[in-house]
Amino acid sequence: MSKPSIYGLTFEQLTAWLAERGHKKSRALAVWDWLYRKRVTSFGEMTDVHASCLELLAEHYDIQTLSEHTKQESADGTIKFLLKLTDGNLIETVLMRHKFGLSVCVTTQVGCNIGCSFCASGLLAKSRDLTAGEIVGQIMKVQLHLDAIGNEERVSHIVVMGIGEPFDNFENMIDFLDVVKDHKGLAIGARHITVSTSGLASKIREFTDRNVGVNLAVSLHAPNNELRTRIMKINRAIPIEELMESIDYYLSKNKRRVTLEYILLRDVNDQREHALELAELISDRRQQVNVNLIPYNPVDEHSQYQRSEQESIRVFYDTLKKQEVSVSVRLEHGTDIDAACGQLRSKQIKASV
Ligand code: SAH
Ligand code: SF4
């Protein structure tokens, strides 16, 4: 049996675990510092921590449980890491370079049960949730890679947009956020973190109540139920009205704007009338939402969908602008290595199923 990763413990959990075994909070602080500031990869390197404490930790935990399978670098500096879990499953993590910093796109589940009709991740039914330690481990893998290059670069932003539905792995995602935000450790600002959901309304409410402070993005992709159900079968169970109510609840408690993601699929949801319908749908919330238009990355198995023409994207964008909707078009990263978020499913994973 492999041991879990210590990265999965929040600082409070680590402190409590050590306290139950007779170790003071100062030890937890020292361990935390070695893990996230000095970033050692073995307990033996924590030279100023008492040996009895290190023995105890090493008996129950590993530090990193992910191993690098392969790494692909794109011409624009994007790096896709294919990482192996202790049970042999492969997951993907992507590092993207922006003007504003370095962001990492993390995976939260092995496969995804939501099964959206356009998505590569949804082709594989979920085989399991990732642990909090495995999600934090992805950030640490990338940070240690940056450390090894030696340019003192830091992961500054996180997008939870890799394989899986984060709100279907809720508690582990919350613990993950707690660890990476912690000021004593990686200290990645809540405002620099975005979680994307396919729209699990009850979880959007719970997320709001837990006051996590990170940005919320919701995959809308269609302006009406008929079309959204065709594209995303989850809409049958949670229709747009229910989804919008949960978003309104979030907005009533947060000053931050919500991002509404909208993939443009040629001749499916990318016409001018769809843009007008979308503007109408969000008309009461125009000041509180951003629409993010996403150029579709074609997926071999979903040949019914193609990327919209540049002209349609322009018309869609202009139509929303004219309706005074705040709108942006997602910049693409690593398209030459299939590294775009939501496109995370490597040829290796495909070969292994
Ligand atoms: N499960 C969550 C988060 C992961 S997907 C969600 O669905 O929101 C992250 C984003 O990538 C979502 O907006 C998703 O709809 C989008 N996406 C999925 N497949 C894509 C593709 N082939 N091209 C472009 N975006 C895609
Ligand atoms: Fe799952 Fe998101 Fe892909 Fe839908 S778009 S199948 S929710 S990963």
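Order of listing sets the numbers, starting from 1, for every ligand and every atom in it.
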>> If the cut-off is 2.8 Å, does any N/O/S atom of Cys119 fall short of it from atom 3 (Fe) of ligand 2?
In response: yes

>> If the cut-off is 4.0 Å to any non-hydrogen atom of Ile294, which atoms of ligand 1 fall inside it?
In response: 24 (C), 25 (N)

> According to a 4.5 Å side-chain heavy-atom criterion applied to Ile, Leu, Val, Met, Phe, Trp and Tyr, with indirect links allowed, do Leu276 and Val315 form part of one hydrophobic cluster?
Replying inline: no

> Looking only at distance, does Ser196 have an N or O less than 3.5 Å from an N or O of ligand 1?
Replying inline: yes

> So, Glu59 and Arg21, do they make that salt bridge, N to O below 4.0 Å?
Replying inline: no

>> Around atom NZ of Lys322, are there more than 12 heavy atoms from other residues, nucleotides or ligands closer than 6.0 Å?
In response: no

>> Below 4.0 Å from ligand 1: does a non-hydrogen atom of Pro298 turn up there or not?
In response: no

>> Counting only nitrogen or oxygen atoms and a 3.5 angstrom limit, does Ile263 reach ligand 1?
In response: no

>> Please give me the minimum heavy-atom distance between Phe118 and Met232, naming the atom from each residue.
In response: CE2-CG, 3.9 Å

>> So for Gly164, does at least one of its heavy atoms come nearer than 4.0 angstrom to any atom of ligand 2?
In response: yes

> Can you list the atoms of ligand 1 that are under 4.0 Å from a heavy atom of Val299?
Replying inline: 22 (N)

> Testing Leu14, Ile6, Thr15 for side chain to side chain contact (heavy atoms under 4.5 Å, CB included) with Trp32, which one passes?
Replying inline: Leu14

> Out of His221, Met161, Glu261, Glu165, who gets a non-hydrogen atom closest to atom 15 (O) of ligand 1?
Replying inline: His221

>> Taking 4.0 angstrom as the limit and counting only heavy atoms of Gly115, give me the atoms of ligand 2 inside it, by number and element.
In response: 6 (S)

>> One thing to verify: whether Glu165 and Lys203 come together as a salt bridge, which I'm taking to mean a side-chain N less than 4.0 angstrom from a carboxylate O.
In response: no

>> With a heavy-atom distance limit of 4.0 Å, tell me whether Cys112 approaches ligand 2 through its side chain, its backbone, both, or neither.
In response: side chain

> Where the closest heavy atom to atom 1 (N) of ligand 1 is concerned, which of Gly164, Ser198, Cys105 has it?
Replying inline: Gly164

> Short list, please: which atoms of ligand 1 are under 4.0 Å from a heavy atom of Ser219?
Replying inline: 6 (C), 7 (O), 8 (O), 12 (C), 13 (O), 15 (O)

> Going by the angle between their ring planes, with limits at 30° and 60°, are Phe100 and His98 parallel, tilted or perpendicular?
Replying inline: parallel

>> Show me which atoms of ligand 2 lie under 4.0 Å from any heavy atom of Cys116.
In response: 4 (Fe), 5 (S), 6 (S), 7 (S)

> Can you check side chain to side chain contact (heavy atoms under 4.5 Å, CB included) on Leu320 and Phe316, steps first, answer last?
Replying inline: CA-CA 6 Å; Leu320 289 177; Phe316 203 95; 3.8 Å; yes

> According to a 4.5 Å side-chain heavy-atom criterion applied to Ile, Leu, Val, Met, Phe, Trp and Tyr, with indirect links allowed, do Leu281 and Tyr249 form part of one hydrophobic cluster?
Replying inline: no

> Does the distance from a Lys or Arg side-chain N to an Asp or Glu carboxylate O, for Arg266 and Asp270, drop under 4.0 Å?
Replying inline: no

>> Within ligand 1, which atoms have a heavy atom of Thr197 less than 4.0 Å away?
In response: 6 (C), 8 (O)

> Has Gly162 got any heavy atom lying under 4.0 angstrom from an atom of ligand 1?
Replying inline: yes

>> Taking 4.0 angstrom as the limit and counting only heavy atoms of Ser198, give me the atoms of ligand 2 inside it, by number and element.
In response: 7 (S)

